[in-house]
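Reviewing the structure listed below.
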Amino acid sequence: MKRRVLVSLLAASMTASMVAGTVVSADEGGDNKLTVWCWDPAFNIYAMEEAGNIYKADHPDFELEVVETPWADVQTKLTTAATSNDLESLPDIILMQDNAFQKNTLTYPEAFVALTDSGIDFSSFAEAKTAYSVVDGVNYGVPFDNGTVVAAYRTDILEEAGYTVDDFTDITWDEYIEKGQDILEKTGKPLLSCQAGESDVIMMMMQSAGASLFDEEGNPAMVDNEALKKVMETYKTLKETGVLTEVNDWDQYVSSLTGSTVAGTINGCWILASIQTAEDQSGSWAITNMPSLVDVEGATNYSNNGGSSWAVTAGCKNTELAFDFLKSTFAGSVELYETILPSSGALATYLPAAESDVYAEPQEFFGGQAIYSLITDFASKTPSNNTGVYYYEARDAVATAITNVVGGADIDSEIQVAQETVEFQMG
């Protein structure tokens with residue numbers, strides 16, 4: 001929800017009709033109608049309605065009903081339908097958060113329709129993004145919004161310390177910390193901020209190396225996980241050197257960026273919407289890739305944080321229509337992504353969109369960088385990882401562990417406790 005709120009800020013200038021309209025057609029019948037559940041009028045609903053408009057242009061009899069349904073309600077209704085064997089109560093298509101996709105598909109396999117043979121070309125999407133909705137080699141989701149990680153920097157603060165954004169491109173975390181200490185000494189500004197007690201930075205570091213908290217069978221694999229230990233050591237060093245400052249809540253995190261408290265951030269690309277609310281900082285930001293872990297197999301400068309994908313449910317009344325609709329829009333229309341980008345900030349992981357003139361346009365706020373095509377390129381290089389059924393439980397356990405480690409606890413002991421916690425929750 002945090003990401004949705006921030007992106008909605010970017011979409012504040014949308015017309016009232018775009019925001020208010022949740023139903024493309026109120027006609028209650030017909031073989032050419034699809035019903036969709038998703039949330040956020042300024043983002044997901046707007047994108048789905050525009051997809052409906054594009055498809056209807058070539059299929060005049062097509063009807064689309066988009067029902068505004070908060071993510072928590074989508075999850076609750078899905079669970080209720082599956083456990084009560086009432087799959088007919090589900091809509092044709094639902095939007096699902098990526099990190100919940102595998103859990104839901106593995107827990108309620110009867111609730112979803114496989115898309116592998118739908119005619120959709122999944123190779124046209126960033127591999128790591130597609131992997132969130134793949135179970136046992138079968139595709140169950142069509143990727144939508146982009147959670148690719150960016151490192152964003154205040155170029156004026158970097159310049160004050162004698163650096164440019166190029167000095168932070170393709171670097172390691174060791175180099176990041178070294179330069180960060182120098183910047184802190186010269187400007188008084190930490191390079192990075194994050195919420196205390198959260199594990200976002202940890203999980204971004206882990207995925208950047210394709211590492212996971214689970215093994216291939218879905219069992220917790222934290223103990224003797226060299227990537228996790230290195231991540232925790234790196235995080236502790238960031239905090240001890242002052243290069244990272246922890247804040248108490250989300251509002252303080254955003255304020256640290258817009259209020260010039262820190263010199264940069266590392267997060268999903270959706271954070272750029274929040275950064276751009278500081279209009280007086282236009283031209284003083286630039287983005288590049290994130291640092292890579294040192295001495296960790298598979299380490300890269302790319303990761304992901306957040307995002308969602310479309311799924312066809314077992315309650316779908318016309319699966320062939322659903323397949324063709326998704327294939328022709330979210331999995332086949334550069335025009336769709338060009339249309340929704342300016343108003344909603346919805347970045348694609350559909351790789352052909354990166355070649356679009358719209359994506360290639362320089363952005364004044366970011367010093368003239370073509371940030372949208374750059375982010376799409378980052379997405380294509382992001383490693384996939386195994387989220388597992390108990391992903392959120394593992395995140396929470398790791399968040400507790402890193403809080404204790406920062407407070408002086410032993411890393412190995414805290415990792416052991418985290419794994420035992422998840423094993424207990426799994427029964």
Side-chain angles (χ1 to χ4, degrees), residues 6 10 146-194 200-201 204-205 207-208 234 237-238 241-245 253-254 256-294 299-305 345 347 354 359-382:
L6 294 176
L10 186 63
N146 195 327
T148 299
V149 168
V150 297
Y153 297 96
R154 279 284 297 274
T155 53
D156 53 340
I157 297 176
L158 296 189
E159 183 179 357
E160 182 182 346
Y163 295 96
T164 70
V165 71
D166 290 340
D167 294 315
F168 287 86
T169 300
D170 297 330
I171 64 170
T172 66
W173 279 105
D174 285 357
E175 292 172 305
Y176 180 91
I177 291 169
E178 181 181 355
K179 295 173 196 267
Q181 288 178 281
D182 189 38
I183 290 171
L184 180 63
E185 181 179 344
K186 292 176 178 177
T187 70
K189 310 276 188 188
L191 266 183
L192 185 64
S193 60
C194 70
D200 279 2
V201 173
M204 286 186 282
M205 287 182 181
Q207 184 166 354
S208 72
T234 303
T237 302
L238 283 164
T241 57
V243 173
L244 164 68
T245 181
Y253 168 63
V254 174
S256 71
L257 307 179
T258 59
S260 302
T261 304
V262 295
T265 192
I266 297 173
N267 216 327
C269 57
W270 39 262
I271 195 60
L272 302 181
S274 179
I275 290 173
Q276 288 177 90
T277 62
E279 296 178 1
D280 62 316
Q281 296 174 15
S282 179
S284 296
W285 284 88
I287 71 166
T288 188
N289 52 19
M290 69 178 287
S292 64
L293 292 167
V294 177
T300 75
N301 295 94
Y302 307 96
S303 191
N304 190 83
N305 188 29
L347 278 167
Y359 274 62
E361 289 179 1
Q363 301 301 310
E364 180 180 354
F365 192 95
F366 294 93
Q369 281 185 306
I371 62 169
Y372 300 131
S373 59
L374 190 59
I375 291 168
T376 308
D377 178 61
F378 290 174
S380 71
K381 299 172 180 175
T382 299

Can a donor-acceptor pair be found, under 3.5 Å and without considering hydrogens, that links the side chain of K186 to the backbone of E160? no
Which atoms form the tightest heavy-atom contact between M205 and L293, and what is the distance? O-CD1, 3.6 Å
Without swapping roles, check the side chain of Q369 against the backbone of I287 for a donor-acceptor pair under 3.5 Å. yes
Value for OG (S208) from NZ (K381), rounded to nearest 0.5 Å, stands at 15.0 Å
Taking the six-membered ring for Trp, are Y176 and Y153 parallel (under 30°), tilted (30 to 60°) or perpendicular (over 60°)? tilted
Atom of Q281, atom of T258 and distance for their closest heavy-atom approach: NE2-O, 2.7 Å
Looking only at heavy atoms, the pair that brings L257 and G264 closest together is CD2-O, 3.8 Å
Can you tell me how far apart CG (D377) and CG (N289) are? Round to the nearest 0.5 Å. 9.5 Å
Under the side-chain contact (heavy atoms from CB on, under 4.5 Å) rule, what do T148 and L347 come out as? Steps first, then yes or no, please. CA-CA 9 Å; T148 299; L347 278 167; over 6 Å; no
Write down the atom of Q207, the atom of T382, and the distance for their closest heavy-atom approach. NE2-CG2, 3.8 Å
Given side-chain hydrogen bond (donor to acceptor under 3.5 Å, both in side chains), test Y253 with N267 step by step and report yes or no. CA-CA 11 Å; Y253 168 63; N267 216 327; 3.1 Å; yes
Could you report the tightest heavy-atom contact between G242 and P190, atom names first, then the distance? O-CB, 3.5 Å
Note: A360 and A370 closest approach over all heavy atoms is O-CB, 3.5 Å
Identified side-chain contact (heavy atoms from CB on, under 4.5 Å) partner of F366 from the options L272, T155, V165: L272
When rounded to the nearest 0.5 angstrom, what distance separates SG in C269 from CG in L374? 10.5 Å
With under 30° as parallel and over 60° as perpendicular, where do the rings of F378 and Y302 fit, or are they tilted in between? tilted
Please check: side-chain N/O of S274 versus main-chain N/O of I271, any donor-acceptor pairing under 3.5 Å? no
Below 4.5 Å, heavy atoms only, C-beta onward: do P291 and I266 meet side chain to side chain? yes
Show, in sequence, the C-alpha distance, side-chain angles and deciding distance for Q363 and Y372, and conclude whether the side-chain contact (heavy atoms from CB on, under 4.5 Å) test is met. CA-CA 9 Å; Q363 301 301 310; Y372 300 131; 3.5 Å; yes
side-chain hydrogen bond (donor to acceptor under 3.5 Å, both in side chains) evaluation trace for D174 with T172: CA-CA 5 Å; D174 285 357; T172 66; 5.2 Å; no
Apply side-chain contact (heavy atoms from CB on, under 4.5 Å) to the pair I375 and Y359, showing each step before the final yes or no. CA-CA 10 Å; I375 291 168; Y359 274 62; over 6 Å; no
Between R154 and S260, is any pair of side-chain heavy atoms under 4.5 Å apart? yes
In this structure, OG1 of T288 is separated from CG of N301 (nearest 0.5 Å) by 8.0 Å
Is any side-chain heavy atom of M290 closer than 4.5 Å to a side-chain heavy atom of W173? yes
T241 side-chain N/O to L238 backbone N/O, donor-acceptor pair under 3.5 Å: yes
Taking the side chain as every heavy atom from C-beta outward, state whether S292 and T300 have any atom pair closer than 4.5 Å. no
Report yes if the side chains of L158 and I183 come closer than 4.5 Å at any heavy-atom pair, otherwise no. yes
Using a 4.5 Å cut-off on heavy atoms from C-beta on, say whether the side chain of C194 contacts that of L244. yes
Which value, rounded to the nearest 0.5 Å, describes the distance between T187 atom OG1 and E159 atom CD? 12.5 Å
What distance do D200 atom CG and S303 atom OG have between them, rounded to the nearest 0.5 Å? 10.5 Å
Check whether W270 reaches the backbone of N305 with its side chain - one donor and one acceptor, N or O, closer than 3.5 Å. yes
